[in-house]
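I have placed the structure first, in the form of structure tokens, so that the comments after it can refer back to it.
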Amino acid sequence: MSIQQNLKKIKSLLPEHVTLVAVSKTKPVSDLMEAYNAGQRIFGENKIQEMVNKYENMPKDIEWHMIGHVQSNKVKYMASFVHLIHGVDNFKLLKEINKQAIKHGRVIDCLLQIKIATEDSKFGMTPDEASEVIKSDTFSELKNIKIVGLMGMATFTNDENQVKKEFDYLKSTFENLKLINTHNYQLNTISMGMSGDYQLAINCGSTMVRVGSSIFGARNYK
Ligand SMILES: *Cc1c(COP(=O)(O)O)cnc(C)c1O
């Protein structure tokens, strides 16, 4: 099936309250343009330089989401245009995003990444660490960032019960952390679910799915 047909099929399966981020990492601009021409306006990338290159070569009404792990020293390259940063997992990074957002007179929306998987390789904060950051005085001084939700990546496994448990955990963490409310913190988004598990994620309360290979085909990492 073509990119256009894949997109149409996936969109028909998503409830209206669920946002589709088309994960286009490693794919050429021509593939992204095919999705764009089919109406897709939200794209997710996991490398900052690659996202910048695509941003420069594509229409300006696209919302660019950074879904990968972010190094503080690279925030400056995307601060002028990034729409949502999914993988924020430490306070130092939040401070840097705030600093770069000030330079561009923007408020940058962020999601806190919560570690829900059992694999050591996955990034993220514990719910307690997140809560500690949000309640700190220094956090309330960051006027150019806004935390709008949580993001999580489930363990890479065929065990659906395991994945469901992890999604349920993110959802309950969301409900708990949602009770905190400050000027730069208001949770409304749960980013969870990828090609293999987005339907399960939606059943568990996801409001934003990050789908790559089911739209663009398998990735070829050289
Ligand atoms: C690559 C990636 C995805 C998309 O994965 P698919 O299985 O191709 O849908 C989603 N989220 C993150 C953080 C990714 O890095």
Side-chain angles (χ1 to χ4, degrees), residues 1-14 18-28 31-32 34-35 38 40 42-54 62-71 74-75 78 82-90 93 109-125 148-160 162-164 166-167 169-171 174 189-222:
M1 287 214 293
S2 69
I3 290 170
Q4 188 178 348
Q5 286 168 323
N6 290 338
L7 255 179
K8 199 170 159 202
K9 179 168 163 242
I10 291 165
K11 285 196 133 157
S12 73
L13 296 171
L14 298 183
V18 175
T19 302
L20 173 64
V21 179
V23 175
S24 47
K25 62 192 188 198
T26 78
K27 298 296 176 180
D31 283 5
L32 279 71
E34 201 175 322
Q40 184 64 25
I42 305 177
F43 291 87
E45 291 284 333
N46 73 337
K47 297 221 162 60
I48 293 177
Q49 195 51 56
E50 184 175 344
M51 185 170 80
V52 169
N53 289 341
K54 288 172 175 169
I62 291 173
E63 286 182 10
W64 292 98
H65 289 210
M66 175 42 58
I67 62 168
H69 189 66
V70 177
Q71 288 169 277
K74 291 190 179 158
V75 172
M78 63 175 172
V82 67
H83 187 83
L84 181 64
I85 303 176
H86 289 234
V88 178
D89 67 350
N90 65 81
L93 178 57
D109 286 348
C110 301
L111 305 180
L112 294 180
Q113 182 167 358
I114 304 294
K115 183 170 160 55
I116 60 174
T118 52
E119 296 148 315
D120 286 340
S121 57
K122 298 257 161 82
F123 296 100
M125 305 165 120
V148 298
L150 304 181
M151 181 267 214
M153 281 179 89
T155 304
F156 187 71
T157 171
N158 288 325
D159 181 352
E160 196 165 299
Q162 173 73 23
V163 174
K164 181 174 184 315
E166 293 173 5
F167 286 158
Y169 177 67
L170 187 60
K171 168 72 171 168
F174 175 85
T189 299
I190 308 181
S191 167
M192 63 181 185
M194 319 191 341
S195 290
D197 55 22
Y198 69 90
Q199 303 221 3
L200 177 60
I202 292 167
N203 291 338
C204 295
S206 171
T207 67
M208 185 174 274
V209 293
R210 310 176 307 268
V211 179
S213 43
S214 290
I215 298 173
F216 296 104
R219 284 175 296 274
N220 181 10
Y221 294 100
K222 279 149 279 169

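Values in this document were obtained by computation on a predicted structure and should not be read as measured data. Numbering of ligands and ligand atoms starts at 1, following listing order. FYI, the numbering just counts along the sequence from 1. We use all heavy atoms of the structure for the numbers below, so side chains are in, but hydrogens, waters and symmetry mates are not.
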Side-chain donor-acceptor contact under 3.5 Å, H83 with H65: no
When you check the gap from the basic side-chain N to the acidic O, do K54 and E50 get nearer than 4.0 Å? yes
With heavy-atom distances below 4.0 Å as the criterion, list the atoms of ligand 1 near V211. 9 (O)
Do the side-chain N and O atoms of S191 and R210 include a donor-acceptor pair separated by under 3.5 angstrom? yes
Name the closest protein heavy atom to atom 5 (O) of ligand 1, giving the residue it belongs to and the distance to 0.1 Å. M194 CE, 3.6 Å
Any heavy-atom pair between the side chains of M66 and L84 that's under 4.5 Å? no
M208/M192 under side-chain contact (heavy atoms from CB on, under 4.5 Å): CA gap, chis, key distance, verdict: CA-CA 6 Å; M208 185 174 274; M192 63 181 185; over 6 Å; no
For atom 15 (O) of ligand 1, closest protein heavy-atom neighbour: K25 NZ, 2.6 Å
To check your reading of the model: name the closest protein heavy atom to atom 4 (C) of ligand 1, its residue, and the distance in Å. R210 O, 3.7 Å
With a cutoff of 4.0 Å, is R219 in contact with ligand 1, counting heavy atoms of the residue only? yes
Determine whether the side chains of S24 and E45 contain a donor N or O and an acceptor N or O closer than 3.5 Å. yes
Is there a nitrogen or oxygen of G212 sitting under 3.5 Å from a nitrogen or oxygen of ligand 1? yes
With only distance considered, is N46 within less than 3.5 Å of ligand 1 through an N or O on each side? no
Close side-chain approach of T19 to V209, heavy-atom, < 4.5 Å: no
For atom 9 (O) of ligand 1, the closest protein heavy atom turns out to be S195 OG, 2.5 Å
Looking at non-hydrogen atoms alone, which of I67, T26, V21 comes nearest to atom 12 (C) of ligand 1? I67
